[in-house]
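To start, the structure under review is shown below, and the notes come after it.
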Protein chains: 2
Amino acid sequence: MVLGAAELIGRNGVAATSFGAVLEHSGAPRGSIYHHFPEGKSQLVVEAVEFAGDALYQRLESVSGSMVDIIAGIGDIWRILLVANDYEWSCPVLAAGTARTVEPAAADVAGATFVRWRDLIARRLTDEGIDAVRAPALANLMIASIEGAVGMCRSTRSIEPLDQVVAELQLLAGTLTSST
Amino acid sequence: MVLGAAELIGRNGVAATSFGAVLEHSGAPRGSIYHHFPEGKSQLVVEAVEFAGDALYQRLESVSGSMVDIIAGIGDIWRILLVANDYEWSCPVLAAGTARTVEPAAADVAGATFVRWRDLIARRLTDEGIDAVRAPALANLMIASIEGAVGMCRSTRSIEPLDQVVAELQLLAGTLTSST
DNA sequence: GTCTATACGAAGATAGAC
DNA sequence: GTCTATCTTCGTATAGAC
C-alpha cells in the first residue's frame, strides 16, 4: 500500500492523491486504514516518500564505474521510471518536497532524502578521484539537473531533456578527468 | 486574478489550488468567475501558466553578457522568487508540467514554455560564440538544473542547492570559453 | 457583471458492529 | 482487523435575482 501511494504521488502529486485512490490501486481493505495509519494521510505520505527515497537510494548504491558511468547509471534509473510510466510519472520525492504547504512533514523527509542522495553520489565521485571539496556540488548538480529534466520530459512528453542533460553532464565529466 | 492563481499554483500546486482560494487571494468578486472563465478551473490554470511563462520569458530576455553572466542572471531570477517567498515557492510552470493527470492542457502549455525558454537561452549562447549545435543542450541543462535546484531548495529550506548549481554551471562555462 | 443560494460530488476522518 | 455507515468540510459548478 505504501508502494502504491508512492506511485500515485509521483503520478498525480501529493494533493491529488486521495486515500481512496490508494486503497483501490493497492487493493488493500478499506476498513483498516486508520488502524494502520493512525495519523491519516500525512503518515501515509511520509512513509511513501521514505519508501521511495530508500528504494532509489538502493538503486543509486548499485551504480559504479567512472564518473561518466555514474552519470549514465543515475540517468538510467530515472529514465526507466519515466518511460515505463509513459511519461505520466514524476519523482515522488521531488513532488513531496515541493508540496510543503500541503504536507510539511513529508517535505522534510524529501529534503533529507536529497541530502542522503547527494552525499552518496559525492562519495562515489571522490572514490573516482574527484576533488572532495567539489564533489558535493557536482553531485548536487547531477540530482538537480536530472530531477528538473524529468519534469521537463513529462511536460513535453519527450525523453530529449533528460538525454541532453545526461550527455552534457558526461561532457563535463570529460573535462574534469582530462584536466587531472 | 490570473497573477494570483500563478502565485498559488507555485505555492500549493495545481490540485491544491482551489477556485475559492484564488478569489480570496486576489480579492476578485465571487459571482463572476464563470463569466470570465467559462471553462472553469482548467482555463484559469492554463492562463495562469501562460502568464507566468510569459513573465519569466520577459525576465530571461533582459539577461545579457557573457555565458557566466547569463547563468548568474537566470539563477538570480529564480533565487529572488524563492527567497522572496521564504522558500514557500516552486515554479508554476514546472508545477503545471508535472500535473498532467490533473490538468493536461496546462501541462502542454508548460511544455511549450520550456521549449521557448530553451530556445531563447540557446540563442543568447550562440551570440556569445557557443557552438550552435550544442547551445540548445546547454540551455536545456541550465533550465533543468535550476528548476530542479529550486525544488531541492524548497525541500531543504536552503539556498545551497541553487547556489551550487549556478557555481558549477559557471565553472562549466569557463571550460567552454577557454577552450575556444 | 456581480450577487446569493444551492446542487452535487469527493475526500478526510470517526463510530460502532462483526 | 475489517466492514459499513455516517459526519463534516471543501470544491466545482449552476441557477436565477439584481
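Numbered from 1 within each chain, the chains take letters A, B, ... in sequence-line order.
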Could you state the [atom1]-[atom2] distance from [X] to [N], rounded to the nearest angstrom?
X: A/Phe37; N: C/dG12; atom1: CZ; atom2: C1'; answer: 15 Å
X: B/Glu24; N: D/dC10; atom1: CD; atom2: C1'; answer: 12 Å
X: A/Leu44; N: C/dA11; atom1: CG; atom2: P; answer: 14 Å
X: B/Lys41; N: D/dG11; atom1: NZ; atom2: P; answer: 9 Å
X: B/Glu39; N: D/dT14; atom1: CD; atom2: C1'; answer: 16 Å

### Query
What string of B, S and - do you get for nucleotides 1-6 of chain C, 5' to 3', when a contact is any protein heavy atom under 4.0 Å?
SBB---
By side-chain contact (heavy atoms from CB on, under 4.5 Å) - contacts of [X] (at least two apart):
X: B/His25; result: B/Glu7, B/Leu8
X: B/Ala122; result: B/Ala135, B/Pro136, B/Ala139
X: A/Ala5; result: A/Val22, A/Leu44, A/Ala48

### Query
Taking atom types as modelled and ignoring hydrogens, do the side chains of B/Arg154 and B/Ser90 form a donor-acceptor contact shorter than 3.5 angstrom?
yes
### Task
Only counting residues at least two apart or in another chain, list the ones meeting salt bridge (Lys or Arg N to Asp or Glu O under 4.0 Å) with A/Asp163.
A/Arg79
### Message
Taking the basic N atoms (NZ, or NE/NH1/NH2) and the acidic carboxylate oxygens, is any pair closer than 4.0 Å for B/Arg157 and B/Asp86?
### Response
yes
### Query
Applying salt bridge (charged side-chain N to carboxylate O under 4.0 Å, His left out), which residue pairs with at least one partner in residues 118-131 of chain A are found, sequence neighbours left out?
A/Arg118-B/Glu160
### Message
Once salt bridge (charged side-chain N to carboxylate O under 4.0 Å, His left out) is applied, what residue pairs with a partner in residues 20-39 of chain B remain, sequence neighbours excluded?
### Response
none
### side-chain hydrogen bond (donor to acceptor under 3.5 Å, both in side chains) partners of residues 42-56 of chain A, not counting sequence neighbours, each pair once
A/Ser42-A/Glu103, A/Gln43-A/Glu47, A/Asp54-A/Arg116
In residues 140-151 of chain A, what donor-acceptor pairs under 3.5 Å come from side-chain atoms, sequence neighbours left out?
from, atom 1, to, atom 2, distance (Å)
A/Asn140, ND2, B/Pro161, O, 2.9
A/Ser145, OG, A/Leu141, O, 2.7
A/Ser145, OG, A/Met142, O, 3.2

### Message
Let me check the geometry of the helix from C/dG1-D/dC18 to C/dC18-D/dG1. What is the bend angle between the axes at its two ends, five pairs each, to 10°?
### Response
0°
### Query
Hydrophobic cluster mates of B/Val133, side-chain heavy atoms under 4.5 angstrom, ILVMFWY only, any path?
none
### Query
Near DNA chain D, under 4.0 Å by heavy atom, which residues of residues 6-18 of chain A?
none
### Query
Base, sugar-phosphate, or nothing: which does B/Tyr34 touch, judged by heavy atoms less than 4.0 Å apart?
base
